[in-house]
Structure formats: structure tokens, C-alpha cells
Amino acid sequence: MFPPEPRIGYVLKMYPRFSETFIVTEILALEERGADLEIFSLRPPADGRFHEALARVAAPVTYLPHHLRSTELWRVLRAARPDLPDLERHLDELLDAAPDDAAAAVDLAAQVRRRGITHLHAHFGSVSTTVARLAARIAGIGYSFTAHAKDIFHADVDPADLSRKLADAAFVITVSDYNLTHLHREYGAAAEGVIRLYNGLDLDSFTYRAARPDPHTDPVIVGVGRLVEKKGFVHLVDALALLAQRGSTARLALVGSGPEESALRAQVTARGLEGRVTFHGSLPQGRMADVVSRAAVFAAPCVVGSDGNRDGLPTVVLEALALGTPVVATPVTGMPEAVRDAETGLLVPEADPIALANALERVLTDPDGARERAAAGRLLVEDVFDTRRNAAVLHALYAGTAAAPAPVAPPAPRVATAPTLPASARADELAEVAR
């Protein structure tokens, strides 16, 4: 006799969130396998932009209480009391939490009991996991979470809090071998239950197209992501300026929005690139994929931010590989696990506009080599990053039938050879761009 299908509650800080397409992809892949899911969001969506795939999600969505006045807090506690007769046993933990988190956890625990939910899963090891952990303990069920990047690397991360979450979880997913090694190194026994499972792509939505440059149009370099420090777009603009100095007609398309947009626009003006750079703003996934698929090269010049924040393994890099667009990236965190230097793309040192310009120029002047790497990139995505395959592992974990694989050490990043220019010449070239 087979065990009953688990009922999984997904706990998210905000749903839907325009930048978190990987969560929607995961939910859809699980639903395709017959998973019984409900979604609980701590916050309502902050804007009106939605991706097309969202309409296919069948799971009901419940928004948990937040920003409560004292009278509303008592209402939440009173409503939960019939479902949680032993709530006072957890009073100390609730008092240690922020009021909004405590109220959300109590409300979620009551709904878990009413709806027969058997397991909670959160994305990001921050506030969503705080609430999922508390609610699971109150309701007497297990929880798990997916650790991504900011939630484990940012300077604001509380190591004691994250260690407790890792140790208490039934299992923990992280999205790269780099992250896995970091968690094992920093958290020891508490991280024994961590499993590396990549974010997956719905490959039906990303049709491979072997890039063939049009000799009658200027080549386009595309960068996609929030306009924030860790994306490294400031170095991409400088790299474009270097290419312009060398006589290239390449243009730059930036897809995304964020707090650095004004500074980037000012940098474009200062470098004399106004006619070469297009700011598209944030685009739905389908339109973004169209821009990427038409580009000559995709650039992901990610860096470690001044606050320790960094990307884990950007989903959009996987999307570019799936589409067949040649990729140039930096070896930050898990990037070399997808962009294998000289095999599926080119890697350059972070925060190095000259090395970035050289790699972009290599792609633009050697289209045959770029196509070979792009084809290998598509095969890698099909082998390792297919959402249906990865969802099968996650579904089995929820059912309690999957054994955790042995930790795998991340491969040593292979970085493209640095330019042979002497330091003084490199400094002169960068100084010329800055003028």
C-alpha cells in the first residue's frame, strides 16, 4: 500500500514576485507530477507585473497577517486557539520572534491543522523560513527550505539563527555545489541535511536557436538582472566603452530595473555611449527570452557586493544557455557549474572591464567558436537543469523516499587567461575610458 500524497505548504516572503521566476517554474513542475500544494505569502505582491506562466499555477494562495495592531494580533490568537490548544507551549519562541513573524506563524500553524498540510517548504533562509519553522513546530509537522545566496552570504545574516534553521529542518536544498561546500564549512553538523539541487528550467519555454550574426546589423550584448551592485553592470558599461575605442560597433541592451539605474545612465553618458545602450526596464519572461535569443552574446559580470551579497547561480544565465546565446560571465559562487570556461561559455575575473571586453570581443570575432560553446551549454542545461528532472527529486524528498546524495565538492573555477598587457597599460586603457 502506498503512503498518502503529502500536502505541501509553500511559504514565501512575497508571491508572486516578478524576479522569482524559478519559484513559479518549480511549483508548476511539481503540480505536473501531481503534487498537492498550497502557497502562503507573508506579503502581497508589490507591483502589477506578472509573468505569463503564473496563470498556470493551480495552488491556492493565502496571504498571512502582517503589520498588525495589538487588537488584530489578539484576533489572530483567538481564531487560532481552537486548532492549537497547546499553543502556550511555544510562547517563549513566539516572544523571541518579531511580532509580525509570530502572528504569521500562529495563523499558518492553525491553517496547517485545518487543511491537513503535512510539510512546509520555504524559499530563502530568512524571514520565510523563520515563519515556516515556527509554524511547523507549533503544528507538529516538518519543514524544509531552499537556501539561495543573499540569505546565506549577506553581511546581515545571523549565523546562530541560520544554524538553528539548518539543524531543525527535515532537509535543506541549496542551489549550487559552491553553496553546499560553504554551508558545510561554516555550519558543520548543522548542515548535514543540506542537498544540492539546482534551480531548473522549463525547457519547453526556451527553444534553442543557434546564434548566427547578421552582418548588416550591429551586434548586441545583453545583460539581464536587477540593476544592483552584485550584477556588475558598471563593469559591463566600461567594457562596452573599451570595445567602442577599439572600433567595435557593438551595442548593449540592459533588461531590468533597480536602484543603480540612475548611476548607470550617468555612466553611459560620461562614457559617450548614449546611442549604444538601451535600458529596457523589467520585461515578462517571454519578452526577455526574445531579447536574449536575438543577442550576439549574453554577459553576466557578477561580483561580490560590498555587503557580501552575491548571486548564487542566476536563472537567467541558464536561460541564455538554453536559448543558445553565447555566454560570458564571472566565476562568482556557483557560476562555473554552468558556465564552464572554454566549454559552455567564457569566464573572466570579476570587476575587470578589460578582461570582460576581451572575452566579449572574442565571442563577436569568432562566431563559430561561440556557437560550439553555446551548443555545449544547451546540452548541459538539458542534462542538469531540466525542471522536470529536478522536481522529481524534490517531490520524492517531500514524500520522504529520497536518500540525500553525498556532498560534491565544487569544481575549481577555470578562468580565462588575463590580458597580457602590463599593469601600466591596463591602467592607461581604463583611465582613457573614464575620461
Side-chain angles (χ1 to χ4, degrees), residues 6 8-15 17 20 22-23 26 39-43 64 66 89-109 111-112 117-197 199 307-310 312 333-334 394 397-398 400 402 404 407:
I8 310 301
Y10 262 63
V11 185
L12 308 171
K13 181 178 180 180
M14 181 182 292
Y15 179 87
R17 199 168 206 161
E20 294 177 355
F22 52 90
I23 293 178
E26 179 177 292
I39 298 168
F40 297 92
S41 177
L42 307 186
R43 308 284 186 273
L64 299 172
H66 70 289
R89 291 177 46 220
H90 304 279
L91 185 59
D92 288 344
E93 281 193 288
L94 289 168
L95 291 174
D96 286 341
D100 271 359
D101 298 345
V106 169
D107 187 77
L108 176 57
Q111 297 196 58
V112 162
I117 289 170
T118 58
H119 185 87
L120 294 175
H121 184 80
H123 269 274
F124 298 94
S126 45
V127 63
S128 54
T129 299
T130 296
V131 172
R133 175 183 173 274
L134 272 173
R137 289 172 69 83
I138 295 169
I141 63 171
Y143 78 95
S144 54
F145 67 97
T146 300
H148 290 269
K150 184 177 181 179
D151 52 327
I152 57 178
F153 294 120
H154 196 281
D156 290 343
V157 172
D158 179 352
D161 178 61
L162 182 54
S163 181
R164 182 169 54 248
K165 291 169 177 174
L166 291 166
D168 289 351
F171 63 87
V172 177
I173 298 295
T174 196
V175 298
S176 71
D177 287 325
Y178 181 97
N179 286 6
L180 181 68
T181 298
H182 168 82
L183 291 170
H184 283 174
R185 182 178 61 245
E186 297 297 322
Y187 295 94
E192 287 181 357
V194 181
I195 301 158
R196 190 271 289 142
L197 186 64
N199 286 335
D307 56 3
N309 195 11
R310 65 201 77 176
T333 59
L394 187 55
L397 284 166
Y398 290 149

query = Can you tell me how far NE2 of His119 sits from CD1 of Ile141, rounded to the nearest 0.5 angstrom?
reply = 7.5 Å
task = Look at the aromatic rings of Tyr10 and Tyr398 and report parallel, tilted or perpendicular, splitting at 30° and 60°.
result = perpendicular
key: Contact summary for Ile8 and Ile117, nearest pair of heavy atoms   = C-CG2, 4.3 Å
request  = Would you give the length of the straight line joining atom CG of Leu12 to atom CZ of Phe124, rounded to the nearest 0.5 angstrom?
outcome  = 9.5 Å
query = Does Glu93 have any side-chain contact (heavy atoms from CB on, under 4.5 Å) partners at least two apart in sequence or in another chain, and if so, which?
reply = His90, Arg133, Leu134, Arg137
task = Measure across Ala105 and Ala135 and return the closest heavy-atom pair with its distance rounded to 0.1 Å.
result = O-CB, 3.5 Å
ask   = Hey, what do you get for CG (Asp307) to CG (Asp156), rounding to the nearest 0.5 Å?
value = 7.5 Å
message = Working to the nearest 0.5 angstrom, can you tell me the gap between Asn199 CG and Glu20 CD?
response = 10.5 Å
inquiry  = Determine whether a donor-acceptor pair (N or O, by modelled atom type, separation under 3.5 Å) exists between the side chain of Arg43 and the backbone of Ser41.
reply    = no
ask   = Is a side-chain donor or acceptor of Ser128 paired with a backbone partner of His123 at a separation under 3.5 angstrom?
value = yes
ask   = Could you give the distance from CG (Asp96) to OG1 (Thr130), rounded to the nearest 0.5 Å?
value = 12.0 Å
ask   = Has the side chain of His184 got a donor or acceptor atom that lies under 3.5 Å from a matching backbone atom of Ala191?
value = yes
request  = Find out whether Tyr187 and Val172 are in side-chain contact, i.e. whether some heavy atom of one side chain is under 4.5 Å from a heavy atom of the other.
outcome  = no
ask   = Which pair of heavy atoms, one from Gly312 and one from Thr333, lies closest together, and at what distance?
value = O-OG1, 2.7 Å
Where Ala136 and Leu120 come nearest, the two heavy atoms and their spacing = N-CD1, 4.0 Å
key: Test side-chain contact (heavy atoms from CB on, under 4.5 Å) applied to Ile195 and Leu394, Ile173, Thr174, the passing residue   = Ile173
key: Validation row: Asn179, Arg196 side chains within 4.5 angstrom (heavy atoms)   = no
query = If you look at every heavy atom in Leu162 and Gly125, which pair is closest and at what distance?
reply = CD1-O, 4.4 Å
ask   = Okay, side chain of Tyr143, backbone of Lys165: is any donor-acceptor separation there less than 3.5 Å?
value = yes
message = Quick check for you: to the nearest 0.5 Å, what is the distance between Glu192 atom CD and Leu183 atom CG?
response = 13.0 Å
ask   = Which pair of heavy atoms, one from Ile152 and one from His182, lies closest together, and at what distance?
value = O-NE2, 3.9 Å
Main-chain N/O of Ala149 paired to Asp151 side chain as donor or acceptor, under 3.5 Å = yes
